[in-house]
Amino acid sequence: MRTTAGHMRTAEEPLAYPGARPGTALTELGEDWLSIPLGSAARCYADLIFDRAASGMPIKKWPVDWDDAPWPQKFYPAAQFTSLPDVAQPGGLADTGRVELGRALWDLMFYAYGVVARRSRVNNNESTGMLINAEEIRWGRGASSGGGRYCAGVYVVIGQGLSLSSGIYHYSPIYHGLELLAGGDWTGAVAHAQGYGAAQSCYLVISLKYWQSAFKYNDFAAQATCMDLGTLMGTWRYLLGPSADMIQPDLWVNEPALAGILGIDSQAEAVAAVLGLGGVTASPVAARPAPAMPQADERSREVYTFVTQRALQRDALAERGVPADLSADFPVPQSLAWSVEIDADAAGRIASTLRRETSFGRFDGIPLPRRALLEALIESDTAQNVTAGTFSGAKDGAVSLFVLVKGVEGLAPGCYRYDRPSQDLERIGGQEAMAVIQRRYFLNNYDLGRAAAAVIFAGDVVAVAERYGVRGYRALNTAVGAVCQHLHLECARRGIGAGAALGVDAAAAADALKLGRKRPRPLLTMFLGHDRPNSGALDVPLAPEGSR
C-alpha cells in the first residue's frame with residue numbers, strides 16, 4: 001500500500017486529463033474560469049449546471065479511470081488510531097433518556113457514514129458482472145451520496161470535557177474510529193478563526209474533497225459535493241429527532257485559517273462547515289503555527305483539478321466574515337449541552353437509516369398511498385432548518401418541493417407543489433412534466449414509466465449565489481441535500497422505494513414546471529415507487545436495528 005500522495009496536476013501542466021493530446025492545458029478545454037471577475041464564480045457555475053444538457057461542461061467527455069480511483073474515504077495511515085464504541089454497546093442512540101455527548105457523536109457518525117450493510121441487487125444500475133463478483137459488492141451507508149462517493153470528511157477538534165484527550169482527529173468511517181492528527185487543545189484556534197466570543201469543548205469541521213467525486217464527475221463534482229454536506233448533516237438531524245437543532249452548522253467559514261489548522265490543501269479540498277458542541281471551556285486564542293500533521297494517503301497516481309473547482313475555491317478563499325444582512329443572526333446558535341436527550345422513537349429512526357437504499361429502477365408501477373407520501377413530504381421539509389439563519393430567506397424555507405404524480409391513490413396525475421402553510425399538495429399543472437423528465441433524463445437506471453411519483457427539489461440558487469457567493473451556493477445545496485436525505489429516510493420507514501438523481505436536465509424541468517430561468521431552479525430529483533420484492537436481494541446487515 002502506498003502512503004504517499006498522488007501527483008496533482010493543475011491548469012499550468014500538460015496532459016490535463018487522461019487521453020488528452022500532449023500539451024493540452026485544462027483551461028483550453030473550456031472557458032478560462034479564472035479570468036471571470038472575483039466573486040462571480042458561484043453565479044457562473046449555477047448557470048453552467050442549469051444549462052449543461054444543452055451547452056455541455058468544460059470537459060465534454062471525461063474518461064473515468066476506475067483503476068486509478070481514489071480511496072473510498074480519506075485516511076491517514078501513519079496516525080495513531082482510536083476505536084470508537086460499537087453502536088450495539090449500551091449508552092448510545094439506541095437507548096432512551098440522556099446520552100453523553102461524545103457517545104452520541106460517535107453513533108451519529110457511524111449511522112451516517114459508517115458501513116452498515118453488504119448488499120447486492122438485480123437493478124438497472126449494476127452490470128451482471130458486478131452481481132457475480134464478490135469484489136463488487138456494495139457497502140451500504142446511512143447517508144446518500146452523489147454517485148456513492150461520500151466525499152465529506154469530518155475532523156473532530158476536541159478541547160476539555162469529553163472522554164478523549166485534546167487534539168485534532170479525523171473520523172475514519174471504514175474502521176469507525178478516530179485518527180489523531182495533532183495533540184493539544186486547538187478549540188481556541190478554531191473559535192478565533194471563526195470570530196467566536198468563546199471556544200466550545202468540541203468542534204466538528206467538515207471538509208469536501210473534490211477528487212473523491214471529481215474523478216468520476218469532473219466539473220460536476222462541485223455541485224454533488226455541496227449536497228453531500230447536506231445528506232451527512234441531514235442524517236444527523238434525523239437521528240436526533242427532537243434534539244435535531246443541535247446540528248445547526250456555521251457555513252460562513254474562514255476557509256484559509258481552518259485549512260491551515262487542519263493541514264488541508266485548500267485547492268483540492270474545501271472547508272465547508274463548522275459545528276460547535278458542548279460547553280464553553282476556553283477563550284479564543286490568536287493564530288499560532290499550524291500543527292505538524294501526518295500525511296493522508298492518496299491511492300490515485302494522478303489527481304486532477306478542474307477550472308470550475310479552481311474558480312470556486314478562489315472565490316471561497318477570498319470570502320471573509322458574515323454578510324452584513326445576516327450579522328444579527330450570527331454566530332449560529334450552537335449546542336451548549338454535555339448530553340443529548342433521546343426520545344422513544346430513536347430506535348425507529350435508526351432502523352430507517354439502516355434500511356435506506358437507492359432503488360435504481362426496481363419500481364413495480366403500483367400506486368403509492370397518498371397519506372404516506374404526504375407524511376414523508378411534511379417530515380422532510382423540516383430538514384431545511386439545517387441552514388436556518390445561514391442566508392436571507394432560509395428561515396422561511398429556501399427549498400421548494402414539486403411533486404410529479406403518476407400513480408398516487410387519491411391524486412389525479414399531474415404536477416403539484418407542496419404548500420408549507422397547509423402541509424398539503426396544490427395542483428399546478430397537467431401530467432406532461434413527468435414525460436419531459438423521462439425524455440430528458442441523462443441515464444438509463446430508472447424506468448420512469450413505473451415510478452409512482454417524482455419529487456423535484458428547487459431553490460433560488462441565482463439570487464443566493466449573487467448575494468452570498470460560494471458559501472451561499474453551498475448553503476442552499478446543503479439544504480437541498482438535507483431535505484432529500486430526510487425524504488429518503490422517511491420513505492424507508494414507510495416501505496417506499498426511492499432514489500435521488502442528479503442527471504435530470506434542469507432547464508427542461510424548469511420549463512415543464514413553468515418556472516423560467518430564475519426562481520426557483522430545479523436542483524435535484526427523487527423518484528418514488530414500490531420496489532419489486534423479487535429483485536435477487538442479498539442484504540447482510542452489519543449493525544443492529546436499534547436494539548442489542
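- For Y473, the ring pair (Phe, Tyr, Trp, His ring centres under 6.0 Å) partners are Y45, not counting sequence neighbours.
- By the side chain to side chain donor-acceptor pair (under 3.5 Å) test, H486 pairs with no residue at all, sequence neighbours left out.
- Counting all heavy atoms, side chain and backbone alike, I264 lies closest to S207 at CD1-CB, 4.0 Å.
- Atom CG of D250 and atom CD of Q194 lie 5.0 Å apart (nearest 0.5 Å).
- Taking the six-membered ring for Trp and the full ring otherwise, the centers of W33 and F306 sit at least 6.0 Å from each other.
- Taking all atoms of both residues into account, the shortest heavy-atom contact from M293 to A182 is SD-CB, 4.3 Å.
- Cation-pi geometry between R149 and Y217 is not met: the NZ or CZ atom fails to fall both under 6.0 Å from the ring centre and inside 45° of the normal.
- How far CG of L524 is from CD of Q223: 8.5 Å, rounded to the nearest 0.5 Å.
- In terms of heavy-atom proximity, V455 sits nearest to L377 at CG2-CD2, 4.3 Å.
- Here the CZ atom belonging to R356 is positioned 5.0 Å from the OG atom belonging to S144, to the nearest 0.5 angstrom.
- Between K209 and E269 there is no salt bridge, since no side-chain nitrogen of the basic residue lies less than 4.0 Å from a carboxylate oxygen of the acidic one.
- By the ring pair (Phe, Tyr, Trp, His ring centres under 6.0 Å) test, Y418 is found to be paired with no residue, residues two or more places apart in sequence or in another chain being considered.
- Residues D47 and R521 are paired through a salt bridge, judged by an N-O separation under 4.0 Å between the basic side chain and the carboxylate.
- From R474, atom CZ reaches atom OG1 of T390 across 13.0 Å, with rounding to the nearest 0.5 Å.
- For the atom pair CD1 of I496 and CD of E490, the computed distance is 9.5 Å after rounding to the nearest 0.5 Å.
- A cation-pi arrangement is present between R141 and Y113, with the terminal nitrogen or guanidinium carbon under 6.0 Å from the aromatic centre and inside a 45° cone about the axis.
- Ring centers of H170 and F75: at least 6.0 Å apart, outside the cut-off.
- Distance alone, capped at 3.5 Å, is enough to place a donor-acceptor pair between the T353 side chain and the R349 backbone.
- Of all non-hydrogen atoms in Q212 and C151, the two that sit nearest each other are CB-CB, 3.4 Å.
- Of all non-hydrogen atoms in G472 and W252, the two that sit nearest each other are N-CH2, 4.1 Å.
- Geometric assessment of R52 against the ring of F220 yields a positive cation-pi assignment under the 6.0 Å and 45° thresholds.
- Taking OH of Y169 as the reference point, atom OH of Y155 lies at 15.5 Å (rounded to 0.5 Å).
- L401 is not listed as a side-chain neighbour of I456, based on a closest heavy-atom distance of 4.5 Å or more.
- For N385 (side chain) and A388 (main-chain N/O), no donor-acceptor pair under 3.5 Å exists by modelled atom type.
- Residues I261 and W186 form a side-chain contact, since some pair of their non-hydrogen atoms from C-beta on lies under 4.5 Å apart.
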